[in-house]
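Dumping the structure here so I can ask a few things about it.
Bear in mind that the values here come from a model prediction, so they are computed numbers and not experimental data. Within every chain, numbering begins at 1; the chains are lettered A, B, ... in the order of the sequence lines, protein sequences first and strands thereafter.
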2 protein chains.
Amino acid sequence: MKQKANFLALLLTLFVTFIACRNQPQTKSGAETEVHDAATVADPLPSWNDGASKQSIVEFVTKTTTEGNADFVPVPDRIACFDNDGTLWSEQPIYFQFFFAIDRIKAMASQHPEWKTKQPFKALLEGDMKTVMAGGEKALLQIVMTTHSGMTTDEFSKTVKDWLATATHPKTGKHYNEMIYQPMVELLKYLRTNNYKTFIVSGGGADFMRPWVELAYGIPPEQVIGSSGKVKYDMLNGKSVLIKIPELNFIDDKEGKPIGIHQYIGKRPIFTAGNSDGDYAMLQYTCTSNTPHFGLIVHHTDSIREYAYDRVSSIGHLEKGLDDAAKYNWLIVDMKEDWKEIFSK
Amino acid sequence: MKQKANFLALLLTLFVTFIACRNQPQTKSGAETEVHDAATVADPLPSWNDGASKQSIVEFVTKTTTEGNADFVPVPDRIACFDNDGTLWSEQPIYFQFFFAIDRIKAMASQHPEWKTKQPFKALLEGDMKTVMAGGEKALLQIVMTTHSGMTTDEFSKTVKDWLATATHPKTGKHYNEMIYQPMVELLKYLRTNNYKTFIVSGGGADFMRPWVELAYGIPPEQVIGSSGKVKYDMLNGKSVLIKIPELNFIDDKEGKPIGIHQYIGKRPIFTAGNSDGDYAMLQYTCTSNTPHFGLIVHHTDSIREYAYDRVSSIGHLEKGLDDAAKYNWLIVDMKEDWKEIFSK
């Protein structure tokens with residue numbers, strides 16, 4: 001029940017922030033073209049400005065992969081975990097998965113004439129977010145469960161792919177998978193080139209991420225840990241299917257992240273990247289080990305090219321992480337200063 | 001609650017079979033040495049006798065990995081799932097994890113003087129299995145929870161490794177990891193050589209398997225799906241730890257197997273191997289897809305070199321799988337006829 005309450009609290013912040021963030025400044029930058037000269041072609045992190053942040057990453061990867069170095073780490077232990085929302089792609093003004101839920105309600109409305117008079121669907125369809133909010137946790141859970149259950153896992157996967165191919169972000173006009181951070185895609189690739197195994201460990205839905213993350217990040221579905229609903233095994237016309245049912249299975253947030261890492265991977269990561277206090281426990285789990293480790297926090301400091309937020313934001317709230325970064329030697333990546341480009345092209 | 005009941009039912013069969021199987025014939029065979037001639041060195045499955053079983057495996061792997069073949073499967077979709085108990089190593093007279101639990105109770109007894117008078121511990125320590133059994137599900141759950149919780153995940157992992165290094169099977173006198181099926185180890189390797197990704201999908205505990213399966217099977221911990229208890233995140237002397245707590249998390253058996261495959265891998269396997277009706281749903285999930293697929297059942301037919309059991313056994317009960325093998329085109333591997341050797345050397 002506590003897990004459910006946490007999940008609902010998380011959902012509740014979505015609409016609050018949705019309304020609060022509507023007027024935040026936003027410009028396009030992903031369309032810019034950068035010409036790499038011969039010198040930068042060899043640079044594994046070309047979208048990172050030269051400086052202390054980039055240097056510390058390269059130093060860590062170099063020392064953990066250099067045989068004979070005191071901090072050398074054998075290949076099987078090179079586990080790297082990355083949060084998704086706000087760490088690999090944007091998360092403002094609300095988590096993109098919630099845009100998906102809203103769009104699904106709209107798309108499903110024609111098959112649900114009863115929604116014309118039934119809350120919270122009526123209000124959502126009329127764009128009356130205030131009334132949706134007044135419905136509280138119950139209303140939000142109804143929206144999520146209605147859009148994330150009652151179909152096979154294959155059908156859900158197709159729906160996510162179709163949505164991603166067409167839907168656009170309300171502020172940037174970009175497709176959501178065009179709001180992926182190019183410097184982080186380079187970092188993932190750099191780690192893999194050095195025989196790190198890269199995982200996503202996100203509060204977002206595993207079934208929502210898996211259909212597209214392989215293409216976007218080079219991370220296969222089996223290396224995605226996320227929140228999930230329960231599924232039911234069934235036979236449909238002689239074929240096995242899994243039906244998504246409206247029950248929570250696992251919430252991969254806060255302490256849930258190291259727990260999820262243990263249940264799914266069974267090893268402690270040596271490299272972890274996050275951006276909010278939802279990643280604090282996972283960073284702490286990584287960075288209190290006796291083995292070499294690296295913790296990285298993406299700090300949203302660029303109000304022009306993306307968004308600027310930390311301590312007062314509900315989405316991507318970052319407070320404990322900043323307070324304890326020095327104690328745990330976490331690298332705070334300043335998006336404005338450290339990143340040459342924000343979005344992948 | 002249903003999940004818990006299933007789990008307890010599973011446990012209950014353990015002691016029944018433990019007693020029933022005590023007198024089953026058993027001889028050593030793993031110590032035999034086989035000399036490979038030049039021709040068999042190139043054979044990826046040298047411990048398999050030539051015949052229809054071996055041929056059908058090789059044909060499937062060849063066609064799914066030959067570009068241009070109608071049944072070619074791209075590398076990311078080459079997912080292979082293997083049950084563990086009875087499929088990769090022996091499971092008689094009781095699941096080896098239960099021998100571990102019994103041995104742990106004995107090892108822990110000196111710190112628990114109260115067990116001298118407290119059931120089911122008193123009976124277990126006195127070797128009085130009849131009284132343990134009389135305690136029913138409650139007694140069995142007490143034994144499992146007592147031995148599988150109340151420590152950090154790191155401590156548990158070390159305990160499993162230490163046990164495996166010293167404990168021996170009551171009938172064969174071998175270490176438990178010497179009762180691994182050499183033909184299946186070769187099959188795993190053969191699949192990986194052909195860019196299949198191999199996973200364990202077992203009713204056994206994930207935390208029990210992960211410490212040793214990489215060395216035994218070449219399968220890393222992050223590719224092990226198993227039953228699990230819950231863990232709690234905590235700080236101990238400034239270090240993050242995960243404490244194993246006495247609550248069930250997930251039972252990876254029967255319909256739980258395709259569910260686990262979805263929650264952990266997020267893809268439908270194309271190759272699945274099992275040995276009991278606990279693997280039926282996973283085999284069915286694999287073999288009712290529109291893509292090429294292969295289902296394999298290890299049939300325990302060798303009472304001399306291992307054990308012979310199927311329809312009347314509680315452990316590794318195999319009935320539906322045999323009945324429906326023809327319908328789903330599952331390969332029934334006859335251990336006695338198909339395997340040159342049983343155990344790895």
Fill in: Partner chain B: residue of A281(A), S289(A), S228(A), P76(A) with the largest heavy-atom pair count (under 4.5 Å)
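Winner by heavy-atom pair count: A281(A).
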
Discussion item. I need the contact set between residues 206-213 of chain B and chain A: heavy-atom distance under 4.5 Å, sorted by residue number.
Written reply: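 Within residues 206-213 of chain B, near chain A: D207(B), R210(B).
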
Discussion item. Regarding K158(B) and D154(B), does a basic nitrogen lie under 4.0 Å from an acidic carboxylate oxygen?
Written reply: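 Looking at K158(B) and D154(B), the cut-off is not met.
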
Worksheet item: With a 4.5 Å heavy-atom cut-off, do I243(B) and Y233(B) have their side chains touching?
Response: no

Worksheet, complete the sentence: Max heavy-atom pairs within cutoff under 4.5 Å with chain A, candidates L242(B), I225(B), D234(B), goes to L242(B)

Discussion item. For N275(A), is there any backbone N or O sitting under 3.5 Å from a side-chain donor or acceptor partner on D279(A)?
Written reply: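 Yes; at least one donor-acceptor contact below 3.5 Å.
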
Worksheet item: When heavy-atom pairs shorter than 4.5 Å are enumerated against chain B, which of T288(A), N290(A), V224(A) gives the highest number?
Response: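 Option with the top pair count is T288(A).
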
Discussion item. Taking side chain as everything from C-beta outward and backbone as N, CA, C, O, which of these in I79(B) sits under 4.5 Å from a heavy atom of chain A? Side chain, backbone, both or neither.
Written reply: side chain

Fill in: Heavy atoms from other residues, nucleotides or ligands near CD1 of I245(B) exceed 12 (cutoff 6.0 Å)
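Yes, the 6.0 Å shell around CD1 holds more than 12 heavy atoms from other groups.
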
Worksheet item: Among Q223(A), K197(A), K232(A), which residue forms the greatest number of heavy-atom pairs with chain B at distances under 4.5 Å?
Response: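 So the answer, after comparing Q223(A), K197(A), K232(A), is K197(A).
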
Worksheet item: Under 3.5 Å, side chain of Q263(B) to main-chain N/O of G229(A), donor-acceptor pair present?
Response: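 The answer is yes, because a donor-acceptor pair under 3.5 Å joins these two groups.
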
Worksheet item: Side chain of S227(B), backbone of G203(B): donor and acceptor closer than 3.5 Å?
Response: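 Such a contact is found between S227(B) side chain and G203(B) backbone.
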
Worksheet item: For S157(A), is it the side chain, the backbone, both, or neither that has a heavy atom closer than 4.5 Å to a heavy atom of chain B?
Response: neither

Response to the item:
Turns out that what part of P220(B) lies under 4.5 Å from chain A's heavy atoms comes down to side chain

Discussion item. Parallel, tilted or perpendicular, judged at 30° and 60°: which one describes the rings of F100(B) and H148(B)?
Written reply: perpendicular

Worksheet item: Do D77(B) and K267(B) touch side chain to side chain, with heavy atoms closer than 4.5 Å?
Response: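 Sidechains of K267(B) and D77(B): in contact.
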
Worksheet item: Can R268(A) be said to sit on top of Y285(A)'s aromatic six-ring, NZ or CZ under 6.0 Å from centre and within 45° of the ring axis?
Response: yes

Discussion item. Which atoms of K230(B) are under 4.5 Å from chain A, going by heavy atoms: the side chain, the backbone, both sets, or neither?
Written reply: backbone

Worksheet item: Charged N to carboxylate O below 4.0 Å: is that the case for K257(B) and D83(B)?
Response: yes

